[in-house]
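Comments concern the structure below.
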Amino acid sequence: MDTARPATGLLTEVRDSLRTIVATSVKDKLGLDIDPAAVGWEQPPDPRFGDLSTPLPLKLARQARRPPMVIAEQIRDALIERGLPLVRDVTSSAPGYVNVRIDAVRLLHQVVEDVAGARGEYGSLPPSGRKAVVEHTNMNPNKAAHIGHVRNACLGDTLVRILRRCGFQVEIQNYIDDTGAQVADVVLGIKHLGAQMPAEGERFDHFCWDLYTEVHRRYEVEPELREVQREYLHLIEQGEGEIAAFAKQVAERVLAGHLRTMWGLGISYDILTWESDIVRKGFWRHAFETLKGRGSLVYETEGPNAGCWVVRLRGIPEFAGLENPDKVLVRSNGTATYVAKDIAYQLWKFGVLGLDFDYRPYVQQPNGTTLYSSSPPALAGDIAAGLQFGHADRVINVIDIRQKYLQDILRHSLRQLGFAREADSSVHFAYEVVALSPETAAELGVDVPKDAKGAVPMAGRKGIGVKADDLIDAAEAKATAEVRQRHPEMTDEQVRDLAHAIAVAAIRYYMVRFNTNTLIAFDFDEALAMNGNTGPYLQYAYARALSILRKASEAIPGCPADPSEALTWSLARSRFDAGLEVLPAEKAMAMTIADFTAKLQAAAAELLPSIVAEYAFGLASSFTDFYEGAPVLSAESDARVRRVCLVCAFIQVMRNVLDTLGLPSPGIL
RNA sequence: GCGCCCAUAGCUCAGCGGAUAGAGCAUCUGCCUUCUAAGCAGAGGGUCGUUGGUUCGAGACCAACUGGGCGCGCCA
């Protein structure tokens with residue numbers, strides 16, 4: 001059988017072929033032009049209808065002025081007449097569906113051939129030559145990461161992995177606002193209020209978590225401190241002197257904590273971009289000079305914005321309801337607003353600013369890659385030859401939904417200023433925030449009304465929130481207890497590694513399994529759950545498959561223990577003769593495997609990592625069904641080697657899926 | 001005031017205009033001398049917020065309403 005498959009995935013290919021044939025037959029027999037892409041081929045609710053069904057005849061009935069069943073029969077006959085290698089039979093059913101049954105043996109054969117051909121790349125699309133910049137994490141470097149940041153980073157990192165599998169070259173940027181008020185607050189806490197620096201060994205970002213809350217408590221009782229804050233902020237923005245130098249130190253030390261936390265979750269970055277470098281380099285000044293008088297960047301001489309440079313947004317429907325729809329970019333005192341700097345920065349991401357950062361290698365990451373950083377010229381170092389940051393075809397900013405208005409302004413400003421392509425290619429990947437379930441909030445000592453419904457918002461200034469590291473620690477503790485019980489033979493180090501892998505899976509899966517517009521009411525019990533629809537369940541299915549293979553390699557002469565070698569070995573020995581008996585669970589799992597690419601594409605197109613999470617659960621479930629219903633080791637020899645082959649294919653694909661979600665895939669659980 | 005989002009099983013959530021609305025958790029009943037029970041099989045549990053409308057067909061689309069969340073600066 002031909003092993004060179006089209007890149008779109010087996011099931012997509014089958015659907016596309018069906019669509020083309022259907023569109024042709026509708027044209028021939030009914031004289032109607034339809035868009036093949038609009039013909040849906042979905043799994044029917046009841047397997048007796050087949051594997052793929054379309055309700056197209058129902059939709060066409062009125063236009064064609066024919067009963068749906070008549071159309072269904074015509075389409076059915078056309079499909080039978082044309083014939084497709086993987087299609088076993090075609091039926092029509094009331095009130096007007098066309099159903100296709102896939103040939104199980106051929107499907108199995110094709111799927112395992114595909115997996116064996118692509119291995120770690122199974123499901124992926126070929127390189128598109130397009131570059132995407134994904135900016136995520138973007139934490140203020142003034143206190144420890146909380147679970148909201150974890151959602152951002154997990155969504156961002158998973159999106160990156162999805163896009164890479166969909167053929168994009170992806171650059172991951174992490175923007176560090178080291179000159180903002182939040183850093184000033186912490187600096188003030190230490191330098192002005194005299195907070196004791198943390199002891200050696202204590203996490204500095206954790207220390208700042210409490211200090212930040214304390215500083216804001218003091219603002220409440222000593223409003224005059226606000227004056228000091230303003231002064232500090234000014235000094236930090238200027239970038240000169242002792243306070244600015246100390247602020248930089250604070251930012252670096254907090255960032256070190258953030259990176260450690262995120263690396264622990266398997267999240268890495270390509271480039272850190274510092275607000276202070278954007279300011280120092282004069283990104284905005286440069287943009288301002290080229291934009292002045294261009295498009296709708298105008299100087300107002302009257303009205304509420306008199307004395308300001310604004311971008312005209314009036315007339316754009318989205319901003320129609322606002323009393324003052326234009327956006328100030330340069331204040332009447334001559335300073336630039338946040339949006340102004342963001343416009344310049346966004347232009348840099350597309351490589352159209354006309355200015356670039358200096359760079360230096362910043363740190364070696366646990367995944368082996370070098371994390372680079374923008375840099376003051378004096379510290380700039382060599383970066384790898386040919387390395388170039390920015391210059392994206394598409395820019396995706398991962399920021400929670402509360403920033404929608406600002407991101408809309410950014411995008412429309414780009415357009416108004418003459419950057420239509422960049423505006424069209426700027427995407428705000430918005431997601432709802434993480435709040436606290438009433439139970440978890442109460443556990444943290446937050447006053448929650450007894451009849452409280454809904455979630456309690458986190459509030460950093462009040463110290464209401466869950467630190468990312470506390471969540472990870474709790475997950476590791478729970479996993480450790482489980483692992484010790486299940487594997488008393490393991491060394492402490494083995495237990496620790498495995499517990500960590502399980503904890504990461506639980507947390508990352510929890511963070512991406514929800515729709516992005518679902519507010520997560522964070523609950524410790526739910527986030528740490530390891531049964532049911534959870535990350536550890538996915539790992540468990542994977543580990544059970546490996547366990548079968550281990551046993552198979554002992555029981556079957558010549559069968560390798562290594563999954564990749566075993567796949568090659570078992571494929572060469574499997575028979576896929578027509579008419580062979582294939583169990584429904586085998587076929588169902590093969591169908592699911594064959595759908596991976598389609599799910600990846602959907603996730604990338606809709607910017608919905610949850611699609612991959614849902615798919616992963618479905619794939620693991622299909623394996624569990626197979627596990628329960630299709631014995632491997634005790635099967636007669638032909639079925640046995642074929643099932644070993646299927647198990648190997650599952651191992652490979654599940655590993656790819658887990659990797660796409662950023663979940664570790666330990667061989668034992 | 002204007003704008004965006006949400007409302008589906010006791011709880012947390014899926015659900016692309018199509019067939020009998022699904023999953024996990026929780027509850028109950030079973031299943032570990034047979035490939036890992038972090039599992040599986042089964043049971044109970046639903047007026048899809050309300051009311052109109054469009055459609056052969058609406059949980060999904062439209063309108064209004066109710067209840068909740070968020071946003072709307074010469075802050076960042």
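As the structure is a prediction and not an experimental result, all values here were calculated from the model. Heavy atoms only: backbone and side chains are in, while hydrogens, waters and symmetry mates are out. Naming convention: chains lettered A, B, ... in sequence-line order (proteins, then strands); numbering from 1 in each chain.
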Quick one: is [N] close enough that its OP1 or OP2 comes under 4.0 Å of any side-chain N or O from [X]?
X      : N     : value
A:N517 : B:C5  : no
A:T518 : B:A14 : yes
A:Y542 : B:G39 : no

Determine the Euclidean distance between corresponding P atoms of B:A9 and B:G42; express it in Å to zero decimal places.
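Their P atoms lie roughly 23 Å apart.
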Considering only atom P, compute the distance from B:U55 to B:G44 and round it to an integer number of Å.
38 Å
Report which part of the nucleic acid [X] touches: base, sugar-phosphate, or nothing (heavy-atom distance under 4.0 Å, all strands).
X      : value
A:F319 : nothing
A:N515 : sugar-phosphate
A:S93  : base
A:E432 : nothing
A:A630 : base
A:N99  : base

So does A:S621 reach the base of B:A23 with its side chain, donor to acceptor, closer than 3.5 Å?
no
With distance as the sole criterion, do the side chain of A:R486 and the base of B:A38 form a donor-acceptor contact below 3.5 Å?
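Donor-acceptor pair under 3.5 Å: yes.
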Donor-acceptor under 3.5 Å (A:N138 side chain, A:Y175 main chain)
yes
Hey, is B:C32 sitting syn or anti, using the within-90° cutoff around 0?
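Syn conformation for B:C32.
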How does RNA chain B look in dot-bracket form if you count Watson-Crick and G-U pairs under 3.5 Å, write [ ] for pairs that cross, and put | where a base pairs with another strand?
(((((((..((((....[...)))).(((((.......))))).....(((((..]....))))))))))))....
Protein-proximity profile, nucleotides 71-76 of chain B, B/S/- by nucleotide at the 4.0 Å heavy-atom cutoff, equals SS-BSB
